[in-house]
Amino acid sequence: MTKDLIRTEPEEGVLSVAMNRPDKKNALNMAMYGALESALTLADSDDRVRVLLLSGSGGTFTSGNDLADFLDSSFIVRDSPVVRFMNALFQARKPIVAAVEGMAIGVGVTMLLHCDLVYAGEGALFQTPFVNLGLCPEAGSTLLMPRMMGHQRAAELLLLGEPFPASRAREVGIVNELFPDGSVLESARVKARQLAAQPAAAVRMTKALLKRESGAALLETARHEIDCFTERLQSPEALEAFQAFMQHRKPDFSRFS
């Protein structure tokens with residue numbers, strides 16, 4: 001079952017990893033997080049793999065976390081599959097290329113901050129709706145996004161939680177390049193193969209040097225975000241947001257201070 005949720009395919013030094021739950025718009029549950037963490041760990045330890053290519057099936061990258069798992073308070077404790085996946089992503093030695101089609105919501109955006117090359121379809125839609133759900137951002141995004149795009153732009157995306165188009169994602173630095181919808185995966189695969197043809201040790205060292213300055217601060221920030229996120233999951237605001245979502249209504253936060 002887990003293997004069905006994540007599809008992997010090795011080719012020419014590139015390990016393609018596709019989130020494969022198209023009926024749920026690739027919403028991530030515990031099993032998927034565990035499978036993604038295993039794929040990242042395998043890629044890092046296998047000398048035949050030089051580059052990892054991350055994508056989603058069915059024309060969607062990921063719609064974020066699965067709500068059924070999300071409502072479980074054990075979803076994001078420090079030793080959960082979620083956190084193990086994040087740590088594997090933070091510490092990956094080999095380059096990660098992402099191909100984004102359709103939606104990239106929540107963790108679908110924050111995981112891109114840890115990829116080395118990100119390509120998206122012109123019609124792709126991004127959103128970081130953590131505050132909208134009474135929660136806080138995760139995956140080190142409160143450190144990386146202000147560094148990437150400046151405080152005001154990061155605050156706009158994280159505090160308002162509004163959807164933004166692929167053109168904005170490229171403008172603020174989340175995405176490297178846009179391609180016509182439907183051609184993103186193959187275009188990203190070409191870039192991944194190009195990267196796989198580079199001297200592997202030099203590529204790994206360059207990636208390590210690029211991430212050296214933020215390494216310790218990233219881990220500390222991500223750990224603190226996890227603690228805050230877990231606390232927020234128990235909050236009245238989050239409960240109201242989840243109930244409103246399930247009842248197909250607009251949440252009312254006016255009675256909370």
Side-chain angles (χ1 to χ4, degrees), residues 6-20 26 32 35-57 59-62 85-102 104 107-124 126 139-141 144-145 147-149 166-167 169-215 218:
I6 300 293
R7 290 188 292 105
T8 60
E9 181 183 356
E11 179 192 8
E12 298 181 30
V14 177
L15 180 65
S16 295
V17 178
M19 294 171 279
N20 188 40
N26 299 326
M32 292 177 76
L36 284 169
E37 186 262 334
S38 295
L40 284 169
T41 302
L42 172 65
D44 244 26
S45 63
D46 189 340
D47 290 340
R48 295 170 297 179
V49 177
R50 291 173 171 241
V51 179
L52 189 141
L53 175 60
L54 184 61
S55 66
S57 60
T60 297
F61 189 64
T62 174
F85 161 68
M86 289 181 181
N87 287 335
L89 188 63
F90 299 163
Q91 299 171 28
R93 297 180 304 116
K94 298 175 183 179
I96 301 174
V97 178
V100 180
E101 294 184 289
V107 69
V109 174
T110 59
M111 73 170 71
L112 297 177
L113 305 176
H114 305 280
C115 296
D116 302 286
L117 298 174
V118 179
Y119 302 101
E122 293 169 345
F126 300 75
S141 55
L144 298 178
M145 288 180 66
R147 286 190 177 186
M148 173 183 287
M149 62 190 72
S167 57
R170 186 182 184 192
E171 176 193 346
V172 298
I174 297 172
V175 170
N176 289 84
E177 189 173 352
L178 304 181
F179 292 102
D181 295 329
S183 68
V184 181
L185 182 56
E186 187 51 42
S187 298
R189 197 184 307 278
V190 170
K191 297 289 188 179
R193 289 171 180 161
Q194 181 183 346
L195 192 53
Q198 295 282 72
V203 167
R204 292 194 303 271
M205 182 173 289
T206 301
K207 172 170 177 167
L209 290 168
L210 284 167
K211 291 181 172 286
R212 179 173 176 269
E213 182 184 4
S214 62
L218 171 61

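Since the model is a prediction, treat every value here as computed from it, not as a measurement. Atoms considered below: every heavy atom in the structure, side chains included; atoms not considered: hydrogens, waters and symmetry mates.
No side-chain heavy atom of V203 sits less than 4.5 Å from a side-chain heavy atom of K207. You'll find the side chain of D181 stays beyond 4.5 Å of the side chain of E101, heavy atoms only.
Screening I96, N176, L113, L54 for a side-chain contact (heavy atoms from CB on, under 4.5 Å) with V118, the sole residue that qualifies is N176. Among the candidates L15, D116, V49, L40, the single residue satisfying the side-chain contact (heavy atoms from CB on, under 4.5 Å) test with K94 is V49.
For the pair M148 and V172, the tightest heavy-atom approach, listed with the atom from each and the gap, is CG-O, 3.4 Å. Scanning both residues, A98 and A188, for their nearest heavy atoms gives O-CB, 4.5 Å. Residues L52 and A43 share a closest heavy-atom pair of CD1-CB, 3.6 Å.
The neighbour count for E213 CD, taken as heavy atoms of other residues, nucleotides or ligands under 6.0 Å away, does not exceed 12.
Sorted by first then second residue, the ring-ring contact (aromatic ring centres under 6.0 Å, His included) pairs that include residues 183-213, not counting sequence neighbours, number zero.
T62 places no side-chain N or O within donor-acceptor distance of the main-chain N or O of A104, the cut-off being under 3.5 Å. Looking at R50, its side chain does come within 3.5 Å of a backbone N or O of Q198 through a donor-acceptor pair. A distance-only check finds a donor-acceptor pair linking the side chain of N26 to the backbone of F61 [under 3.5 Å]. The backbone N or O of R93 sits less than 3.5 Å from a side-chain atom of D44, completing a donor-acceptor pair.
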